[in-house]
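Throughout, protein chains are lettered first and strands after them, A, B, ... in sequence-line order, and every chain is numbered starting at 1. Side chains included, hydrogens not; waters and symmetry mates left out as well; all remaining heavy atoms used.
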Amino acid sequence: MNFIAQFLQRAILQGTPLLFGATGEIITEKSGNLNLGIPGIMYVGAISGVIGGFFYQNSVKSVNPFLAIMIPLLSCLLGALLASLIYCFLTITLHANQNVTGLALTTFGVGFGNFFGGSLIKITKSEVPYVALTKIAKYYHSSFPFAKKLGWFGTLFFSYGFLVYLAVILAIVATVLLKRSRIGLQLRAVGENPATADAAGINVTGYKYFATCIGGMVAGLGGLYFIMDYSGGIWSNNGFGDRGWLAIAIVIFAMWRPNLAIFASYLFGGLYILFNYINAKMQLLPIIQMIPYVVTILALILTSIRKKRENQPPASLGLSYFREER
Amino acid sequence: MFKRIMALVLAVLMCATMTVALASCGEDEKLGEGAELLPRNTVTKSEGVTIPADFKIGLICLHDENSTYDKNFIDAFKQVMTALEIPSDRYFIKAGIGEDDTCEAAARDLAGNKGCNIIFADSFGHEQFLKKVAPDFPNVQFCHATGTSAKTAGIANLHNAFASIYEGRYCAGIAAGMKLNEMIKDGKITAEQAVIGYVGAFTYAEVVSGMTSFYLGAKSVCPSVTMKVRYTGSWYDQGKEQEAATALINNDKCVLISQHADSLGAPTACQQAGVPNVSYNGSTYSAGEDTFLISSAINWAPYFQYIIEQFCKGETIATDWCGTIATNSVVLSGLNLDVIAEGTEAKIKEAINAFKAGTLHVFDTSTWTVNGQHLTEYLADVDGDFTGETNVIHDGYFDESNADSFRSAPYFDITIDGITNLNTVK
């Protein structure tokens with residue numbers, strides 16, 4: 001039982017940044033914006049949190065737990081918000097191509113993260129190129145003190161930092177909001193048919209801006225989680241890897257439903273670490289790590305064949321809205 | 001609805017803050033990291049060497065200085081440039097050069113356009129491109145780290161270099177073995193539970209040689225130690241390395257971890273699990289103040305100085321060159337004084353002195369077996385064709401990285417008793 005609990009625990013830890021990214025992307029896509037800049041925004045969120053945390057950690061002798069959490073958190077949200085606003089301004093206000101803008105934003109975000117990450121590394125004069133925010137990261141990593149006493153149950157449910165729970169809460173809240181609230185209904189209307197929504201008096205531009213910015217900020221938290229919780233406060237350039245793309249794959253796999261994204265993220269997280277638990281030969285690693293993407297392709301094929309309306313992406317996804325074209 | 005959500009999010013944040021606030025009390029003063037056991041020496045220009053005013057040198061790096069591997073080269077390179085008073089307009093660093101034809105283009109640019117007298121490339125995969133370029137520029141010296149074919153290629157201006165890092169690994173292994181002894185003595189583990197976990201990148205001889213020397217160092221002070229190895233199939237992947245280390249700790253019951261991969265994945269896993277860690281490529285003390293023990297690394301400054309001064313004196317550069325502890329090519333960080341076992345420093349210094357005196361051989365065949373047998377002969381792949389052809393065991397030890405007789409790049413690729421590979425076919 002312990003073995004399974006430990007595997008699932010690691011799968012959840014691996015899946016959490018994916019869940020933040022997927023939830024953020026689903027919220028964004030529901031407004032009709034295909035934001036392929038999410039991987040970049042996650043990088044920007046991560047490095048923004050690191051910058052905030054770095055200057056706080058280095059400016060005080062003893063760290064205040066509240067500020068240790070709030071400064072990186074707010075820095076991350078601000079960084080992700082600004083990155084999202086770039087995307088919004090280009091695609092919504094200037095009607096630029098969403099795919100190109102998103103891909104450019106990802107390239108920009110990764111470069112932005114590595115540039116400022118590299119700058120911080122230079123300041124630390126570390127022999128090995130990394131930034132260690134271990135003093136503040138331990139507050140992100142703190143779990144319930146009674147987790148260890150509960151055996152496998154504690155390992156599975158109570159051994160995480162608060163961002164892991166926040167990721168689940170945000171996914172559930174997003175599900176409820178999208179399905180059962182007026183805001184969600186109007187947002188979906190904007191994503192399905194912005195012209196009709198506009199005719200019904202819904203502020204299309206406002207909703208697109210709002211959803212893309214909120215989605216970007218949620219995704220940015222995935223980057224922050226990876227550095228401050230999973231990596232124990234260690235920033236290394238390119239350490240976040242290609243998790244942003246996995247998050248976008250999960251959006252398709254979960255058929256644009258945040259609640260399904262919880263399961264999908266943990267599944268992808270589990271597949272990512274599976275090779276350690278089945279002692280797969282190293283030569284099989286690439287095949288095992290290919291599984292999430294193969295599953296995503298299969299999900300795409302199946303949903304395309306079945307053509308169930310509720311499993312389709314928003315109808316106007318990826319299209320700019322020109323009011324004059326109505 | 002929005003207010004309710006905000007209230008929920010704020011409540012979660014407040015709970016988290018309260019929980020962690022309780023954990024923040026009572027931090028003890030730490031002794032920190034001690035002085036480096038084998039420090040990087042200050043580089044000083046050798047007597048009688050004059051660097052010509054038109055001398056130029058180029059460095060080709062796989063990544064930039066934000067990569068653990070490449071930073072080690074770049075820092076040493078700059079250190080030597082400063083010491084030899086070579087101004088910044090006469091040395092060139094080409095970073096982010098892949099192991100593809102961009103390497104050939106970079107080498108041609110440095111040799112042809114920039115007018116470099118020496119070109120150094122830092123990654124194994126660069127070698128094949130240097131081999132293509134070197135014959136076209138016979139007056140330019142092409143030097144290459146970790147390469148295997150300078151001796152067999154028949155190109156006079158192509159050179160290989162490495163360092164006997166296995167000696168540094170052995171010393172780091174002593175720190176691990178001493179820590180295990182302390183854990184056994186304190187009753188935390190039994191002698192049989194002294195299991196080390198090792199995160200390796202690939203099954204290459206470079207990794208196998210490093211981990212075996214580390215294991216033999218630990219075994220020299222803790223005879224009951226065994227080691228389990230997990231490979232990640234990547235030189236740099238934070239997630240995979242961290243997960244491999246975590247699996248070694250949680251499932252394979254390893255009580256101490258070391259690694260040969262470039263990210264901070266394994267040290268982070270150790271810090272989070274409270275398991276001692278022996279690091280590589282430089283000190284990672286600040287990433288694991290409660291778990292870091294020691295780290296070993298190759299110092300490339302002696303080789304950079306050697307090739308420049310040989311060139312400037314008009315003397316030939318060795319076709320293959322292997323730095324040692326004696327040449328300051330192998331360095332050791334300080335010990336984490338809060339974590340190491342008593343007597344560690346003395347034991348390591350004893351080994352260092354023995355290496356310098358030539359009385360200690362890491363791969364002494366009397367200290368390890370393969371399937372219960374002590375080896376008296378082993379045909380290693382020295383010429384880089386992936387087939388063993390040269391006996392490298394003589395005088396009772398496996399003669400690793402002997403640049404004069406064999407080659408500098410490691411060729412120890414044997415899985416010895418006591419080491420279990422968990423995810424390879426070997």
Side-chain angles (χ1 to χ4, degrees), chain A residues 2-3 6 10 14 62-66 68-70 73 114 117-118 121 124 126-130 132 134 138-145 161-163 165-166 169-170 173 177 181-183 230-234 236-241 243 272-273 275-277 279-283 285-286, chain B residues 1-2 5 8-9 12-13 15-24 27 64-68 71-72 75 202-203 230-234 236-240 242-244 246-248 250-251 263-265 267-269 271-272 279 281-284 286-289 295 297 333 422-425:
Chain A
N2 267 337
F3 178 82
Q6 275 165 358
R10 299 309 300 179
Q14 273 291 335
S62 71
V63 170
N64 175 304
F66 181 75
I69 287 178
M70 292 312 288
L73 188 72
N114 286 343
I121 289 167
T124 61
S126 168
E127 190 181 10
V128 179
Y130 66 88
T134 47
K138 67 180 179 186
Y139 300 116
Y140 277 85
H141 193 62
S142 295
S143 57
F144 293 98
F162 75 96
L163 282 175
Y165 302 103
L166 185 64
I169 291 168
L170 285 175
V173 167
L177 264 179
S181 74
R182 175 183 285 268
I183 297 174
Y230 181 79
S231 304
I234 306 296
S236 309
N237 278 12
N238 294 316
F240 187 66
R243 287 173 176 76
Y272 186 86
I273 59 163
F275 73 99
N276 279 321
Y277 291 82
N279 282 347
K281 302 300 176 203
M282 207 181 87
Q283 291 78 354
L285 269 185
Chain B
M1 188 74 181
F2 183 71
I5 293 163
L8 192 63
V9 172
V12 171
L13 284 176
C15 285
T17 311
M18 289 283 284
T19 311
V20 296
L22 291 170
S24 68
E27 288 181 9
D64 62 15
E65 59 196 333
N66 292 310
S67 140
T68 310
K71 188 175 187 293
N72 197 29
D75 286 352
F202 291 96
T203 52
R230 284 190 178 279
Y231 294 93
T232 60
S234 163
Y236 181 92
D237 190 313
Q238 169 108 13
K240 278 186 200 161
Q242 193 165 330
E243 291 304 330
T246 303
L248 284 165
N250 288 343
N251 304 327
S263 92
L264 269 284
T268 301
Q271 178 68 9
Q272 291 181 350
S279 204
N281 264 335
S283 170
T284 53
S286 63
E289 291 185 4
S295 174
S333 74
L422 295 174
N423 63 336
T424 63
V425 285

How close do [X] and [Y] get, counting heavy atoms only, and between which atoms?
{"X": "A/Tyr130", "Y": "A/Ser236", "answer": "CB-OG, 3.8 Å"}
{"X": "A/Tyr139", "Y": "A/Val63", "answer": "CE1-CG1, 3.6 Å"}
{"X": "A/Glu127", "Y": "B/Lys71", "answer": "O-NZ, 3.5 Å"}

Who wins among [options] for the most heavy-atom pairs under 4.5 Å with chain A?
{"options": "B/Leu422, B/Asp75, B/Leu264", "result": "B/Leu264"}
{"options": "B/Ser333, B/Ala287, B/Ala247", "result": "B/Ala287"}
{"options": "B/Asn281, B/Leu248, B/Thr246", "result": "B/Thr246"}
{"options": "B/Thr68, B/Asp64, B/Asn72, B/Asn66", "result": "B/Asn66"}

Pick one of side chain, backbone, both or neither for [X], based on which atoms fall under 4.5 Å of a heavy atom in chain B.
{"X": "A/Arg243", "answer": "side chain"}
{"X": "A/Ser62", "answer": "neither"}
{"X": "A/Tyr272", "answer": "side chain"}
{"X": "A/Ser231", "answer": "both"}

> In Å and rounded to the nearest 0.5 Å, what is the OH to CG distance from A/Tyr230 to A/Leu163?
Replying inline: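 It comes to 15.0 Å.
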>> Using a 3.5 Å distance criterion without hydrogens, assess whether the side chain of A/Asn237 forms a donor-acceptor pair with backbone atoms of A/Asn114.
In response: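 Confirmed, A/Asn237 side chain pairs with A/Asn114 backbone.
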> What residues form a salt bridge (charged side-chain N to carboxylate O under 4.0 Å, His left out) with B/Asp237, not counting sequence neighbours?
Replying inline: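 Salt bridge (charged side-chain N to carboxylate O under 4.0 Å, His left out) list for B/Asp237, sorted by chain: B/Lys240.
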> If you measure only the distance, is there a donor-acceptor pair under 3.5 Å linking the side chains of B/Thr284 and B/Ser279?
Replying inline: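 Their side chains do contain a donor-acceptor pair, which is all the 3.5 Å distance test asks for.
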Side chain, backbone, both or neither: which part of [X] has a heavy atom under 4.5 Å from chain A?
{"X": "B/Tyr236", "answer": "side chain"}
{"X": "B/Ser234", "answer": "neither"}
{"X": "B/Gln271", "answer": "neither"}

> Has A/Arg10 got its NZ or CZ under 6.0 Å from the middle of the six-membered ring of A/Tyr277, at an angle within 45 degrees of the ring axis?
Replying inline: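 Because its charged atom misses either the 6.0 Å distance or the 45° angle limit, A/Arg10 does not stack over A/Tyr277.
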